[in-house]
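Note that the numbering runs from 1 along the sequence shown for the chain. Everything quoted here is computed from the prediction, not taken from an experiment.
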Amino acid sequence: PYRASLAHTYLAAGKYQQAKEALDQAIARKRDDPLLYLLRAQAEAALAYMNPETKAEEIGPALRSFDDAAHLDPENSLALIQAASVAFEVGKQEAALAKLEAGLKLPGMSLYRLPIPGDLGANQTQSIRMWQHVQVWQWMELLARSQNVTRMMLRYGKQKEEAGDLEGAEAA
């Protein structure tokens, strides 16, 4: 739990390589936690985005980590929808559509709760409130990325329509 919390703090601070390293260490200790893979995917995506010219080629590890999270939580569409957003952002529309279609077949979306370290400060109640604030920030980021998929699907449909592919536009 401490490595996951450390990684989340690194993510929030924009220290993506350190976040990825902390998550790799956490995953080595607990390979069955989908949240760890989801957070690692976010760090890997951020690292890929740092190189605009090569981000499409460098996004593979992030997409694989999203797939790992989805595999560990097969009832939850969150990881696949996040993967679709990332794939759209780097111009991989076909991969994005495949992830989105797979995600839409699942029963729903659940957000993960980070473990609450109760020893952040002398006042445990204040520590918990502070950590809940951090958790809300993470949820807002995840939901914003999910909303990106809707915008990207609308844009994709418009592109299809402008190209004269009315069936493709309607499908989107």
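- Under the side chain to side chain contact (heavy atoms under 4.5 Å, CB included) criterion, Pro61 pairs with Glu44, Arg64, not counting sequence neighbours.
- Inter-residue side-chain proximity for Leu78 and Gln82 is flagged as met; some heavy-atom pair is nearer than 4.5 Å.
- Closest approach of Ala62 to Ala45, counting heavy atoms only: CB-N, 3.6 Å.
- Here the shortest heavy-atom pairing between Leu39 and Ala4 reads CD1-O, 4.5 Å.
- The CG atom of Leu35 sits 8.5 Å away from the NE2 atom of His8 when rounded to the nearest 0.5 Å.
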N/O donor-acceptor pairs under 3.5 Å from side chains in residues 20-31, not counting sequence neighbours:
unit_1	atom_1	unit_2	atom_2	d
Lys20	NZ	Asp24	OD2	2.8
Glu21	OE2	Gln17	NE2	3.3
Asp24	OD1	Arg40	NH1	3.1
Gln25	OE1	Arg3	NH1	2.6
Arg29	NH1	Gln25	O	3.2

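- Rounded to the nearest 0.5 Å, atoms NE2 (His71) and CG (Asp68) are 8.0 Å apart.
- The side chain to side chain contact (heavy atoms under 4.5 Å, CB included) test applied to Leu72 returns Pro34, Tyr37, not counting sequence neighbours.
- Applying the salt bridge (Lys or Arg N to Asp or Glu O under 4.0 Å) test to pairs two or more places apart or on separate chains, those with a residue in residues 98-109 are Asp67-Lys99.
- Applying the under-4.5 Å side-chain rule to Ile, Leu, Val, Met, Phe, Trp and Tyr, the cluster around Leu80 extends to Leu106.
- Between the side chain of Ser77 and the backbone N or O of Gly108 there is at least one donor-acceptor pair closer than 3.5 Å.
- Taking the side-chain hydrogen bond (donor to acceptor under 3.5 Å, both in side chains) definition, one finds that Asn76 meets it with Asp73, Tyr112, sequence neighbours left out.
- Every residue was checked against the side-chain hydrogen bond (donor to acceptor under 3.5 Å, both in side chains) condition with Gln159, not counting sequence neighbours, and none meets it.
- Nearest heavy-atom pair across Phe66 and Val86 is CE1-CG2, 3.6 Å.
- Taken to the nearest 0.5 Å, the CG atom of Leu11 stands 10.5 Å off from the CD atom of Gln18.
- Listed by chain and number, the residues in a side chain to side chain contact (heavy atoms under 4.5 Å, CB included) with Ala87 are Leu63, Lys92, Ala95, Ala96 (sequence neighbours excluded).
- Annotation: salt bridge (Lys or Arg N to Asp or Glu O under 4.0 Å) contacts involving residues 5-19, sequence neighbours excluded, are absent.
- Across all non-hydrogen atoms, the minimal contact from Phe88 to Leu97 is CZ-CD2, 4.1 Å.
- Remark: Glu161 pairs with no residue by the side-chain hydrogen bond (donor to acceptor under 3.5 Å, both in side chains) rule, at least two apart or across chains.
- Listed by chain and number, the residues in a side chain to side chain contact (heavy atoms under 4.5 Å, CB included) with Glu58 are Ala48, Asn51, Thr54 (sequence neighbours excluded).
- A search for salt bridge (charged side-chain N to carboxylate O under 4.0 Å, His left out) contacts involving Glu75 returns nothing, not counting sequence neighbours.
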Step-by-step side-chain contact (heavy atoms from CB on, under 4.5 Å) determination, Gln42 to Tyr16:
CA-CA 8 Å; Gln42 292 173 355; Tyr16 306 117; over 6 Å; no

